[in-house]
Amino acid sequence: MSRVLMISSEAAPFAKTGGLADVLGALPPELNALGDECAVVLPRYGSIDVSAAEKVYSGLRVYLGGGYYECDIYKKVVRGTQFFFVEHLGLYGRDGFYGDKFGDFGDNHIRYALLCSAALGIARYLFPTQIFHCHDWQAGLLPLFLKNFVTGDPAFYGAKTVFTIHNLGYQGLMPRSKLWEAGVEDRFYRSDLLEFNGAASLLKSGIVFADALTTVSPRYAEEIQTPEFGFGMDGLLRARRGALRGLLNGCDYDEWNPKTDPHIAMNFDADSLEGKLACKQSLLDEFGMGRRISRPLIGIVSRLAHQKGFDLVGSVLDEMLGWRDASLVVLGSGDKDTENLFAGYAQKYPDRMVFWHGFSNRMAHRIEAGSDLFLMPSRYEPCGLNQMYSLRYGTLPVVRATGGLDDTIDVETGFKFWRFDSWDLAECLRHALAVYADPPRLQSMQITAMGRDFSWAQSARGYSALYQELLSRS
Ligand code: ADP
Ligand code: GLC
């Protein structure tokens with residue numbers, strides 16, 4: 001049994017922009033169920049309601065950059081897991097997690113340095129910790145702080161750090177001149193420490209200083225050691241390969257289960273697929289496209305980021321929506337180019353395509369349930385959760401074979417293409433549509449897909465074993 005404190009910028013149900021939040025909402029309860037003791041530290045963003053939370057510490061002083069910040073700590077217990085919220089109104093009490101319409105907040109380095117330092121305070125006063133499990137660049141300074149600044153404090157003797165890379169594309173860069181504001185002395189600005197292409201990287205801090213590194217699928221653990229996927233950090237990751245392992249994320253089947261899902265028109269499972277048809281009809285009706293239910297319906301739910309590869313889709317849409325007679329529902333927001341692309345096609349094919357701009361958990365569930373195919377043409381995908389949700393809803397994924405998409409989809413459950421090229425995507429979609437046109441084959445794939453099990457228990461066992469290994473080292 002290990003006492004684990006996770007540090008993250010997101011966790012469902014409190015703050016979510018993507019899969020990181022899903023992981024932090026599901027993995028800690030699973031670890032607790034296994035017998036570890038796992039708690040989570042999050043910023044108390046303005047959107048998080050703490051009125052029903054317990055204030056467990058007042059006036060925690062966090063020293064950074066020659067001054068100090070005073071924080072209050074709140075606690076809420078969800079699914080048997082303690083979530084600690086670091087409140088500092090000046091730094092977190094605003095709209096938006098990482099930025100606003102003008103771009104990223106200019107003080108993110110301070111906001112997330114504060115999170116890391118406050119987490120050490122929480123460990124010291126509220127949750128004695130053996131393992132600090134840090135997620136992505138926002139938590140990248142914690143291993144540096146732990147190894148360099150609190151070494152004399154008995155509260156931290158023997159404590160170890162795990163750093164999980166959910167996405168190497170977000171590197172937490174800041175100018176050298178701002179390091180001191182984040183509580184880091186200039187001596188750490190070295191090419192073998194935080195320096196990265198002329199800036200300081202908080203992601204690199206995590207990679208350099210953590211005792212163990214993980215990423216969220218075995219395939220991505222291999223990929224990030226290559227120049228193609230390494231974002232310039234592949235050399236460092238090769239050097240640290242002995243400390244790196246790929247542990248596949250799981251799927252939260254309490255949240256993503258067509259049998260119990262409260263957001264969908266009719267519940268269903270592998271024995272009652274007519275419910276899925278009712279979900280499709282209801283989704284199409286909601287968008288005024290309900291007259292032709294026989295058309296294959298492709299769904300997309302995603303951050304519209306470069307990583308997700310939607311620039312490939314533009315050149316296949318005329319074929320798919322035109323003479324192949326498919327329909328498309330897209331939910332997401334992000335890059336303006338991608339938004340314009342989807343908005344343009346939605347205008348061109350108003351009876352068969354909808355672009356829902358924004359973020360909606362309800363709509364995400366309805367699209368998973370009502371679509372026939374789910375499209376993820378990612379350039380790279382550390383794990384990807386939506387394809388696992390799709391499997392459970394009998395919605396066959398069409399994916400590029402990269403990272404976790406490659407690890408979770410096979411010929412019995414979905415469709416893969418390898419080269420990041422619109423021709424390869426088009427071929428893959430043609431194949432998927434051919435299967436759609438062959439109902440017995442489609443149904444047999446759907447039933448197989450719905451039976452695949454990517455539950456969190458398996459992943460949690462992997463993390464639990466890693467914690468034990470670290471703690472058994474002197
Ligand atoms: P990433 O973390 O890179 O965004 P994942 O596939 O791991 O990709 O996780 C994405 C998560 O965010 C899923 O739970 C997905 O349903 C959710 N999501 C993404 N975009 C939206 C949106 N526009 N509305 C609702 N949920 C969304
Ligand atoms: C990142 C990745 C995604 C992964 C998620 C959770 O946002 O882009 O592939 O599933 O983190 O680990």
Side-chain angles (χ1 to χ4, degrees), residues 4 6 18-20 22-24 26-27 30-31 34 131 133-136 161-170 203 206-207 210-231 233-253 307-309 376-392 397-420 448-449 451-470:
V4 184
M6 297 211 179
L20 173 66
D22 295 20
V23 173
L24 269 291
L27 174 60
E30 201 65 49
L31 284 165
L34 275 184
I131 299 280
H133 188 159
C134 307
H135 295 268
D136 273 353
T161 49
V162 176
F163 184 67
T164 295
I165 301 167
H166 293 264
N167 196 329
L168 203 60
Y170 297 84
L203 180 78
I207 297 176
D211 297 305
L213 303 176
T214 69
T215 187
V216 288
S217 69
R219 183 96 182 85
Y220 193 59
E222 295 299 320
E223 287 175 343
I224 56 177
Q225 298 178 47
T226 67
E228 187 186 350
F229 294 96
F231 282 97
M233 297 215 184
D234 45 297
L236 172 62
L237 288 160
R238 285 196 297 280
R240 293 227 61 197
R241 63 150 55 95
L244 169 67
R245 66 184 71 170
L247 298 171
L248 190 71
N249 284 337
C251 177
D252 184 348
Y253 291 122
Q307 165 196 354
K308 302 294 179 182
M376 297 179 77
S378 304
R379 260 192 185 75
Y380 71 94
E381 196 61 73
C383 180
L385 296 170
N386 272 117
Q387 80 282 9
M388 296 196 242
Y389 306 154
S390 302
L391 290 176
R392 184 48 60 109
V398 177
V399 304
R400 169 139 189 266
T402 181
L405 298 175
D406 202 15
D407 285 335
T408 52
I409 304 304
D410 56 62
V411 287
E412 294 183 325
T413 59
F415 309 93
K416 298 205 247 196
F417 65 101
W418 278 262
R419 260 189 338 157
F420 188 77
T448 309
R452 285 284 194 269
D453 184 9
F454 291 105
S455 56
W456 267 108
Q458 171 80 0
S459 321
R461 275 193 286 274
Y463 284 106
S464 202
L466 173 63
Y467 303 148
Q468 280 303 317
E469 264 176 64
L470 287 172

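Because only heavy atoms are used, hydrogens play no part in the values below, and waters and symmetry mates are left out as well, while side chains stay in. Bear in mind that the values here come from a model prediction, so they are computed numbers and not experimental data.
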Open item on the list: Just so I know, are the side chains of Thr215 and Glu223 near enough to count as touching, which here means a heavy-atom distance under 4.5 Å?
Closed with: no

Task: Note, Gln307 side chain near Pro382 side chain (heavy atom, < 4.5 Å) - done: yes

TODO: Taking the six-membered ring of Phe420 (Phe, Tyr or Trp), confirm whether the NZ or CZ of Arg400 is under 6.0 Å from its centre and within 45° of its axis.
DONE: no

Open item on the list: Is any side-chain heavy atom of Val399 closer than 4.5 Å to one of Phe415?
Closed with: no

TODO: Please report the closest heavy-atom contact between Gly246 and Pro218, naming both atoms and the distance.
DONE: O-CG, 3.8 Å

Open item on the list: Between Ser464 and Leu31, is the side chain to side chain contact (heavy atoms under 4.5 Å, CB included) condition met? List the steps.
Closed with: CA-CA 7 Å; Ser464 202; Leu31 284 165; 4.3 Å; yes

TODO: Calculate, to the nearest 0.5 Å, the distance between atoms OG and CG belonging to Ser378 and Leu405 respectively.
DONE: 5.0 Å

TODO: Over all heavy atoms of both residues, which pair between Ile165 and Asp136 is shortest? Give the atoms and the distance, please.
DONE: C-OD1, 3.7 Å

Task: Nearest non-hydrogen partners of Leu466 and Ala212, listed with the distance - done: CD1-CB, 4.0 Å

Task: Atom pair CD1 (Ile224) and CZ (Phe231), whose distance is rounded to the nearest 0.5 Å - done: 11.0 Å

Open item on the list: Side chains of Leu168 and Ile207, heavy atoms from C-beta outward: is any pair under 4.5 Å?
Closed with: yes

Open item on the list: How long is the straight-line distance from SG of Cys383 back to CG of Leu20, given to the nearest 0.5 Å?
Closed with: 12.0 Å

Task: Trace of the side chain to side chain contact (heavy atoms under 4.5 Å, CB included) decision for Phe163 with Leu203 - done: CA-CA 9 Å; Phe163 184 67; Leu203 180 78; 3.8 Å; yes

Task: Gap between atom OH of Tyr380 and atom NZ of Lys308 - 0.5 Å precision - done: 8.0 Å

Task: Backbone N/O of Leu248 and side chain of Ser459: donor-acceptor pair under 3.5 Å - done: yes

Task: Tyr253 side chain near Asp453 side chain, heavy-atom distance below 4.5 Å - done: yes

Task: Side chain proximity check, Thr164 to Met6, heavy atoms < 4.5 angstrom - done: no

Task: Closest contact, heavy atoms only, Gly309 versus Arg379 - done: CA-NH1, 3.8 Å

Open item on the list: Can you tell me how far apart CG (Leu237) and CG (Leu213) are? Round to the nearest 0.5 Å.
Closed with: 7.0 Å

- [ ] With sequence neighbours left out, write down each residue that passes ring-ring contact (aromatic ring centres under 6.0 Å, His included) with Tyr170, or none if nothing qualifies.
- [x] none

- [ ] Report yes or no: does Gln458 contribute a side-chain atom to a donor-acceptor pair with the main-chain N or O of Phe454 at less than 3.5 Å?
- [x] no

- [ ] Apply the test side chain to side chain contact (heavy atoms under 4.5 Å, CB included) to residues Asn249 and Trp456: give CA-CA distance (whole Å), side-chain angles for both, the deciding distance (0.1 Å), then the verdict.
- [x] CA-CA 7 Å; Asn249 284 337; Trp456 267 108; 3.6 Å; yes

TODO: For the pair Asp211 (side chain) and Thr161 (backbone), establish whether a donor and an acceptor sit closer than 3.5 Å, ignoring hydrogens and angles.
DONE: yes

TODO: Would you name the heavy atoms of Glu30 and Ala460 that are closest together and state the gap between them?
DONE: CG-CB, 3.6 Å

Task: Exceeds 12 heavy-atom contacts within 6.0 angstrom, atom CD of Glu469 - done: yes

Task: Nearest-0.5 Å distance, CG of residue Asp407 to CD of residue Gln387 - done: 9.5 Å

Task: Side-chain touch Asp252/Tyr389, heavy atoms, less than 4.5 angstrom - done: no

Open item on the list: Strictly distance-based, threshold 3.5 Å: is any side-chain N or O of Thr214 a donor or acceptor partner for the main-chain N or O of Leu247?
Closed with: no

Open item on the list: Using side-chain heavy atoms (C-beta onward) and a distance below 4.5 Å, is Val216 in contact with Val23?
Closed with: no

Open item on the list: Which heavy atom of Pro227 sits nearest to which heavy atom of Arg238, and what is that distance?
Closed with: CD-NH1, 4.5 Å

Open item on the list: Donor-acceptor pair, distance only, cut-off 3.5 Å: does the side chain of Lys416 make one with the backbone of Ile409?
Closed with: yes

Task: Heavy-atom donor-acceptor pair, Arg452 side chain to Thr413 backbone, under 3.5 Å - done: no

TODO: For Tyr467 and His133, test the side chains for any donor-to-acceptor distance below 3.5 angstrom and give the result as yes or no.
DONE: yes

